[in-house]
Amino acid sequence: MGSTVWSDKRKFTWILSILLLGAFVLTSAISYQVAHESLREQIADNALPLTSDNIYSEIQQDLLRPIFISSLMAHDTFVRDWTLNQEQEPEQLIRYLKEIQDKYDTVTSFFISEKSRNYYHSSGVLKQIADASPDDAWYFRVRSLPADELYEVNIDPDSADKSRTVVYVNYKVFDFEGNFIGVTGVGLAVDKVKELVELYQQRYNRRVYFVDREGKVTLHGAQYEGGQSLQGTEGLTKYATRILTSPSASLTYQQQGKTVYLNSRLVSEFKWYLIVEQFEVESEQKLMNTFWFNIMLSVAVTIIIIVIANLTLGRYQRRLELMASTDKLTGAANRQAFDATYTRLLQKCQANQQPLSIVLVDIDHFKAVNDSHGHNVGDLVIQSISHALMDAVAKQGLVCRWGGEEFLLLLPEFDLAKSNQLAEQIRNNVAQRSIRVNGSEVRVTISIGVASLRDEEQRDQLLNRADTALYQAKELGRNQVVLSH
C-alpha cells in the first residue's frame, strides 16, 4: 500500500513537473519572439543612436574643452607679442601658463618656441627641443601638419612627470602675418578622461570607448574586454574598414555568442571615433506584457508543485546547501564555494584596484602521520589545522579545503606583506600546537606558499604562483613560508 501511494505521488509530481516545464517553454518562446523583434527595432533604430548623440554632446563639454583652451592660448595676443619680442622675461610666460593651468584645471600647460626651441612649462623652462630626440618627435610632427590642420591630440608621458600619462592637445601658433612661431597646448590626465568614460558607461549602461583613425583603441573604461584595436576585437575584424571610412555607422556583430549593437561616430575635433556598444538585452516595454502572461500561466502550476514539494524538500534545503559548499570533515569551504567567491572577489579587487592574496597551506609529512597513527588520527590532525586556520582568518577571508592535506586561504584586501605576516603567525601557531590521542602526542608543521594579485593577472595565474611558492617551501625543507614576488 505504502509503495503504491509513493508511486502515485511520484507520477503526480512528474505530471505537474512536465506541465510546469511545458508552460515555461511555451511562454518563454512567445516572450523571446516578441522581445527579439522589439529589441532590434528599439536598440538599432532608437536607443543606441540616441545614447551616442547624448554622449557626443557631453564630449563637447568635457573632452573638447582642452581644444578650446589650446586655441585660446594659440591666438592670445600676449603669447604672440611675447614670442615676437625675443622671448624676454620668460617668467611672464611661465606665470601665464601657470594661470592657464590653475584656471582651467589642466595637469599641464606649455609653449615651445620655434626660434629658441625652449620648452616653456607652467613650472619653468624644462629643456630645449632637439631634432634627434625621440621624445621631441611630436613637436616636429605637429609643425609639419597640413595647413588646414591646426592641432593634434595624442597620449604621451608628461614631460614634467614621466610617471604620469597625459592626453595632450598640441596647437600650432602663428604670428600676425601667418608665420609659424611655435606650439602651445594643455593636457588632461588619462585617469581623469577614463573617469569620464566610466561615467558615460554607468549613466547610459553602455560600453563606451574611443579608437583613432587606424582603429587602435585609445581610451576605454576599467572593465573593457575588447581587443587593442577594432581589427583585433572578436567579431569586429571584418567591420573595421567600414567603421573607419565612415563618419558614422550602425551595425551588429557577434561576440562570445551574443549579439552586440554598435554605433560609431567620428569626433572630428579629436580625430577619434566614439564607439558605443550594447549587448542584446530584454526590451522593457514588450517584455513586460509577455512577462506577466508568463507569470500568470506558470504561477498556478508552480504553487501546486511547491505545496507538494515543500512538504519533503523544505527540511533538506539547508542541509543540501551546506553540503554543497562545505567540506564534511573540516567545516571549511569546499572548492565549489571557493570558485564562486574567488570569481566575485577577483573582479571586485581588479575593478577597485584592491589587493587580493592567496595562501596555500600543506601539512608536512602527513602520510607519515597516517602510517604511524592511523587515518582516524590523520583526520583529527586535518580538523585541528582547519580550526587553527579559521581562527586565524576569522571573518577576514575564506578558508577552503583544497584537497587531502592542503588548505587555501583567500584574503581580500591583504597585500603580500600583510599576507606574509598572517602566514608566519599561522605557521608558528601550528608548530607549537600538539594533539593528544590515546596518550600519544602528535605534532605537525606546515609549509606555506603566498601570492598576491598583480595588475591584469588571470585567476589561474595567481593560483599557479601560490602553488609554485608552496612547492618551493617544501623543497627548501618545509615548515616555512615562501612568497611569490
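- Between the side chains of Thr259 and Gln254, a donor-acceptor pair is found at a separation under 3.5 Å.
- Listed by first and then second residue, the side chain to side chain donor-acceptor pair (under 3.5 Å) pairs involving residues 461-470 are Glu457-Arg465, Arg465-Ser484 (not counting sequence neighbours).
- Put simply, the side chain of Ser70 gets close to the backbone of Pro66: a donor and an acceptor are under 3.5 Å apart.
- Residue Gln228 qualifies as open at atom CD: its count of foreign heavy atoms under 6.0 Å is 12 or below.
- A 4.5 Å side-chain heavy-atom check between Asn352 and Gln354 finds at least one atom pair inside the cut-off.
- Residues Val481 and Val450 have side chains in contact (heavy-atom distance under 4.5 Å, counting atoms from C-beta outward).
- Looking at Arg459 and Asp339, a side-chain N of the basic residue comes within less than 4.0 Å of a carboxylate O on the acidic one, giving a salt bridge.
- Electrostatic pairing of Arg335 and Asp327 does not count as a salt bridge here, judged by no charged N lying under 4.0 Å from a carboxylate O.
- For the residue pair Glu87/Ser116, the side-chain donor-acceptor check at 3.5 Å is satisfied.
- In terms of heavy-atom proximity, Ser357 sits nearest to Ser452 at OG-OG, 2.5 Å.
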Where do Asp76 and Arg80 land on the salt bridge (Lys or Arg N to Asp or Glu O under 4.0 Å) test, with the steps shown first?
-> CA-CA 7 Å; Asp76 195 308; Arg80 292 187 285 182; over 6 Å; no

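- No donor-acceptor pair under 3.5 Å is formed between the side chain of Ser122 and the backbone N or O of Leu97.
- Without hydrogens or angle criteria, Ser229 side chain to Gly232 main chain gives a donor-acceptor distance under 3.5 Å.
- Atoms CZ and CG, from Arg454 and Leu416 in turn, are 9.5 Å apart once rounded to the nearest 0.5 Å.
- In this structure, Tyr209 has its ring center no closer than 6.0 Å to that of Trp272.
- Considering only heavy atoms from C-beta on, Val361 stays 4.5 Å or farther from Ile426 through its side chain.
- Heavy-atom minimum distance, Val359 versus Ser419: CG2-CB, 4.5 Å.
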Step by step, would you call Gln92 with Glu89 a side-chain hydrogen bond (donor to acceptor under 3.5 Å, both in side chains)?
-> CA-CA 6 Å; Gln92 291 183 358; Glu89 300 184 39; 2.8 Å; yes

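- For residues 336-362, the set of pairs meeting the ring-ring contact (aromatic ring centres under 6.0 Å, His included) definition, not counting sequence neighbours, comprises Phe338-Tyr342, Phe338-Trp402.
- Within the structure, the salt bridge (Lys or Arg N to Asp or Glu O under 4.0 Å) test picks out no pair touching residues 169-178 (sequence neighbours left out).
- Judged by the 6.0 Å and 45° rule, Lys418 forms a cation-pi pair with Phe414.
- Residues passing the side-chain contact (heavy atoms from CB on, under 4.5 Å) test with Thr241 are Thr245, sequence neighbours excluded.
- Taking a 6.0 Å sphere around CD of Gln353, one finds it holds 12 or fewer heavy atoms contributed by other residues, nucleotides or ligands.
- Between Gln255 and Glu234, the closest heavy-atom pair is NE2-O, 3.5 Å.
- If you look at Tyr120 and Phe110, their ring centroids are not closer than 6.0 Å.
- Taking every heavy atom of both residues into account, Leu188 and Val107 meet most closely at C-CG2, 3.9 Å.
- Under the side chain to side chain donor-acceptor pair (under 3.5 Å) criterion, Arg203 pairs with Glu58, not counting sequence neighbours.
- Taking a 6.0 Å sphere around OH of Tyr253, one finds it holds more than 12 heavy atoms contributed by other residues, nucleotides or ligands.
- Sorted by first and then second residue, the pairs that involve residues 104-115 and meet salt bridge (Lys or Arg N to Asp or Glu O under 4.0 Å), not counting sequence neighbours, are Asp105-Lys192, Glu114-Arg117, Glu114-Arg143.
- Between the side chain of Asp136 and the backbone N or O of Ala130 there is at least one donor-acceptor pair closer than 3.5 Å.
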Would Leu230 and Val217 count as a side chain to side chain contact (heavy atoms under 4.5 Å, CB included) if you check the C-alpha gap in whole Å, the side-chain angles of each, and the deciding distance to 0.1 Å?
-> CA-CA 7 Å; Leu230 294 181; Val217 177; 5.5 Å; no

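- The aromatic ring centres of Phe111 and Tyr119 sit 6.0 Å or more apart.
- A side-chain donor from one of Asn263 and Ser250 sits under 3.5 Å from a side-chain acceptor of the other.
- Across every non-hydrogen atom of Pro412 and Gly397, the tightest pair is CD-CA, 4.0 Å.
- With hydrogens and angles ignored, the 3.5 Å screen pairs a side-chain donor or acceptor of Gln480 with a backbone N or O of Leu476.
- Looking only at side-chain heavy atoms (C-beta outward), Phe407 and Ile446 stay at 4.5 Å or farther from each other.
- Between Leu262 and Ser264, the closest heavy-atom pair is CD2-N, 3.9 Å.
- Contact of the Phe210 side chain with the Tyr273 side chain is not registered, since no non-hydrogen atoms from C-beta on lie closer than 4.5 Å.
- No side-chain donor-acceptor contact under 3.5 Å links Gln396 to the backbone of Glu413.
- For Phe174, the CZ atom is densely surrounded, since the number of other residues' heavy atoms within 6.0 Å is greater than 12.
- Between the side chain of Asp212 and the backbone N or O of Glu214 there is at least one donor-acceptor pair closer than 3.5 Å.
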